[in-house]
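One structure is given below, encoded as structure tokens.
Heavy atoms only: backbone and side chains are in, while hydrogens, waters and symmetry mates are out. Order of the sequence lines sets the chain letters (A, B, ...), proteins ahead of strands, with each chain counted from 1.
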Amino acid sequence: MTDATAGALAKQEEKDRQKRLKYYSASQWTLIWWRFRRHRAAMVASLILGLMAFLGLFAEFVAPYGPTTRDTMYIDGAPQIPMFCDQNGCSARPFIHSVSTRRDPVTLRAISVPDPDKRVYVTFFATGEATRILGVIPTSIHLFGLSEPDAKLHLWGTDDLGRDVFSRTMYATRTSLSIGVLGVLISFVLALVIGGIAGYAGGMTDNVIQRVTEVVRVVPIIPLYMGLAAAMPKEWSTTQVYFAMTLILGLFGWPTLARRIRSQLLSIRGEDYVIAARLAGARPGRIIGQHMLPSFTSFIIVDLVISFPYMILSETALSFVGLGLRPPTVSWGVLLQQAQSVRVIEQTPWLFIPAVFVVVAVLAFTIIGDGLRDAADPYSEAR
Amino acid sequence: MLRFTLERFVGMVITMALVSVMVFIIMEIPPGDYADRYAFRKFSGTGVSVTEADIEAIRSDLGLDKPMVLRYFDWIGGIVLHGDFGQAFAFETSVVKVIGDKAWLTLGIMLTTLILTYAISIPVGIYAAVKRGSSLDYGLTIFSYLGLALPNFLLALIMLYFANKWFGADIGGLLSARYQDAPWSLAKVWDLIKHLWLPAVVLAWSAVAYQIQTMRATMSDELNRLSVTAARARGVPEGKLLLKYPARLAINPIVSTIGFDVNRIFSELPIVAAVLGLTELGELLLKAYLDLDMYVAGAILLLLTFIIVFMNFVSDLLLAWLDPRIKLGA
Amino acid sequence: MLNVENLSISFRTDEGLITPVQGVSFKVEPGKTLGLVGESGSGKSITTKALMRLLPGNASLSGETRITYSAKDGNEVEIHKIKPNARSLRQLRGGEIGMIFQEPMASFSPVYTIGNQMMETIRLHRGCGKREARELAVEMLEKVGISNPSERIDQYPHEMSGGMRQRAMIALALSAGPALLIADEPTTALDVTIQAQVLDLMRDLQRDLGMGMIFITHDLGVIAQIADEVAVMYLGTIVERGATRDVIRSPKHPYTQGLLKAIPSLDTLHDRLSPVPGDIPSPTERPTGCPFHTRCPDFISGICDINTPFEVSPVAGRSVRCWLHSDVQGGRSAA
């Protein structure tokens, strides 16, 4: 063995030692992050969800048109997919064929006919409708548009009023995701308070709270939501309805999480370090917040992530049957109201595109939740 | 066992009492009261102008001027003592008449869905646990994710579309047109069964996806137990071994969530019913909410919850029978 | 009656192939007890699981492995060749070889009565009716010293005390009348007084029934009480073997010496206990040369860490795998 190889070996050993040291001294959150990063599906799901959040947040910029802007020239129109080639040859820039309206000689219905000889080019950062990003920053620049200001590009087609499905879906993404976030936050606060009291106090208080939790858990949730949603006065504004909906969703979403917090608190109430804190004279709020909650914060986060799909699916379902958000607000459920019959599948299937968003969002949240659960479990490493 | 049953029964009654209070509160939330709506419906379009006094008269006629607590006891007393759920004003008849047969149809849908759910998820879950890590196992996991993510109304639409395409038109609803008002007969029951599978498949879908994962997870845990190795070391044949030792304990979480599954079925029912055109309680409930016909809605909500609470009771008893340790802990 | 030659077991894992048991050979004679001693992780439990073909799906036996067993009817069974679903394997498990585990609570299914599980085994192997099986089960429970057996038989495992459960576990393993009993740390989880009772019971039963027995433990003190022969295992190989008395009186291998020094005794009450230093390495990080060299007090640098020692026999009836006892020190490494 030469000195050089011995040196290299020693170096390698030192490197390994450093790595191990870093591993042993890493904080709980760093460890969870390392393990989560290895979960490939969850990483992909996070990326997709991040993209969705971006699209929703900057809907005004991403969407070429407003959610209620009508294009009477293109009603129930099929998606227009930008192309590079047509019968007249190819182009380096994507384009679509311009559309003109004619009446069907037999049914007299207005039909849109593309003119294969007229190209309209797709441009990025195009000037279009004036709008305010997030309701504050005024702009008329949109992510994409067409070279001719009068022509309109309907990437995902239009509905029966000629409204652009792509633009509406972007705005709907914002509404649906934000309702999910607010609903989860409300139910989280409720769960923390209710579960915290039950788990820390125990005894009679716990018994009473358990009974109430049981009642909320036992009533079928969507019919319950429906009952409250039906009670919303018809004359309420869309904003009022929006906040009422978040409140309703949050109001009954807490029992599962409250149970988790309660049982965790109960199980560690007798642990030595909690008793030590109590003997040292710490107040209950401090004991719960400083000593007890941190031991299962990661589980709470997992439960929060997992409860997103229920919020989103509930909102979609309620709006779908007309008991949730109401037009002109757009959410995934409101958009899908237009897709209630088999006829739609046959004639205007692009109205189902928002459903793809629902499925993808729910899938992403579920997979991220699973990834987080695996990452948060300290024993998952051992296998 | 008797004491255990009795305890659970008392628990069930208490829960139902609390539920009835909550349902009553929900019935009371909509703005305006029954008298307003009654007067509006009765006189709208007749040209007769309604005065405050008229409404007041209706109100005291119906006993709506009494305090809320008294009205609650009137309502629940009528239900418990006389089986009287009040008036369905949109139908101008009693709630009991409106609900009638539909309750049985709903029960039929629920039971069919439950049987379908367990008949698929338990054996498939066991199989997936035994063949853990195989490509079939991965396929099932992907199916489960999709099953949980697909909104039920969308699934209902897709199923309806393909059912129409492959089996011809008359597939929605619960009964063919000619049996709709016919008296019950063997032919009608057969017709019902022919229609029942579609809503049952739609409603069972997500439950199957969920319970396969539950069964697979608990079965994998149980398979690793020493008692299974011990039984194998005594020469118990593999098939019998799987069913007698791990599977019997692994179905505990499924049995304990029967009530939860029924809850999910009833939760999805109004929406699936709306899409599939089922004429049962879910559809009626949705209609009642849209019309603000709160006595009908309250009665249905109470009935559905009662079924769930009762199924919870059944699942508690089943659990105690499956696992003798539970009775001791009770 | 049982002859194990060159038993090697490998597991396919995410970290690659690991071999926790390498080249283990031993014999068990009828009516005699072989003690297998070693720390947890030495491969002793895996070895006995292999005898019953109870290893998980990702485990495999090497090609040189031969396990032969002469059955009660006189037939030779080649255990390493049996197909997993074969009838002969089911006959072997329980009927020919019985097994007792460390955790009596965990080895009973909690949802069936003791009697249910005993009668299942009896009926499987003796092909008798329900009533006869019940009588046999009651008889067996009485034999292991459970009072009031005709009532106890209908009890669930959780209704019994720890010692009682271990007795029931023994009755269960013996109910089909095996000729060989494998006991995997049967007394480790018990109180010392009950431990002694159970050991007495097992010795008596063995004498009465004329069974062969493999007794696994990490406690040389227990071995001294029950085993005729002892084999000490370290990291999947047998490092020393011989008659129990001889091994305990004059241990040859430094590991055996270390184990003996670690036993607390009344005579040396005021001295400090001297446990074997360090931890047993994981099978994925198997040391080169003699597997024990990383913890060995007498380790010879340049030999022990490079060459694997052979099995040598310094005295008749004894054998040891250690360079300290080899004449061919510094010779070629053994395959």
Chain A contact via B:N152 - which portion, at a heavy-atom distance below 4.5 Å: neither
Quick check on B:I271 against chain A: is it the side chain, the backbone, both or neither that has a heavy atom closer than 4.5 Å? both
Residues 204-213 of chain A: residues contacting chain B (heavy atom under 4.5 Å, by number): A:R211
Nearest heavy-atom pair of A:I221 and B:N263: which atoms, and what distance? N-OD1, 3.8 Å
Do any of residues 309-319 of chain A have a heavy atom less than 4.5 Å from a heavy atom of chain B, and if so, which, in residue order? A:L313, A:T316, A:A317
Against chain B, label A:F365 side chain, backbone, both or neither, depending on which of its atoms sit under 4.5 Å from a heavy atom there. neither
How far does CD of A:Q338 sit from CG of A:L351, to the nearest 0.5 angstrom? 6.0 Å
Report which part of B:L285 has an atom under 4.5 Å of a heavy atom belonging to chain A: side chain, backbone, both, or neither. side chain
Under 4.5 Å to a heavy atom of chain A? For B:L286 that would be side chain
Will you find, in the side chains of A:Y242 and A:S331, an N or O donor that is under 3.5 Å from an N or O acceptor? no
Partner residues of B:F260 under the ring-ring contact (aromatic ring centres under 6.0 Å, His included) criterion, sequence neighbours left out: none
Looking only at the side chains, is there a donor atom on one of B:Q213 and B:S144 sitting less than 3.5 Å from an acceptor on the other? yes
Shortest non-hydrogen pair, B:V255 vs B:S315, comes out as O-CB, 3.1 Å
Exercise: do A:Y225 and B:S267 side chains pair donor with acceptor under 3.5 Å: no
For A:W332, does its backbone N or O pair with a side-chain atom of A:S176 as donor and acceptor, under 3.5 Å? yes
In terms of relative ring orientation, are B:W75 and B:F24 parallel, tilted or perpendicular, with 30° and 60° separating the classes? tilted
Does this structure show an ion pair linking B:R264 with B:E268, if we count only N-O contacts that are shorter than 4.0 Å? no
Identify which part of B:I300 has an atom lying under 4.5 Å from any heavy atom of chain A, answering side chain, backbone, both or neither. neither
With salt bridge (charged side-chain N to carboxylate O under 4.0 Å, His left out) as the rule and sequence neighbours excluded, what pairs involving residues 208-218 of chain B come up? B:D137-B:R216
Of A:V215, A:V216, A:V359, A:L323, the largest count of non-hydrogen pairs under 4.5 angstrom with chain B goes to A:V215
Heavy-atom distance under 4.5 Å to chain A: side chain of B:L157, backbone, both or neither? both
Would you mind checking which part of A:A339 comes under 4.5 Å of any heavy atom in chain B, side chain (CB onward), backbone (N, CA, C, O), both or neither? backbone
Donor-acceptor contact below 3.5 Å, side chain A:R262 vs main chain A:G195: no
Non-hydrogen atoms of chain A under 4.5 Å away: do they reach the side chain of B:V19, the backbone, both or neither? both
Between B:F143 and B:W205, is the ring centroid distance below 6.0 Å? yes
Would you say the side chain of A:T238 lies within less than 4.5 Å of the side chain of A:P327, judging by non-hydrogen atoms? no
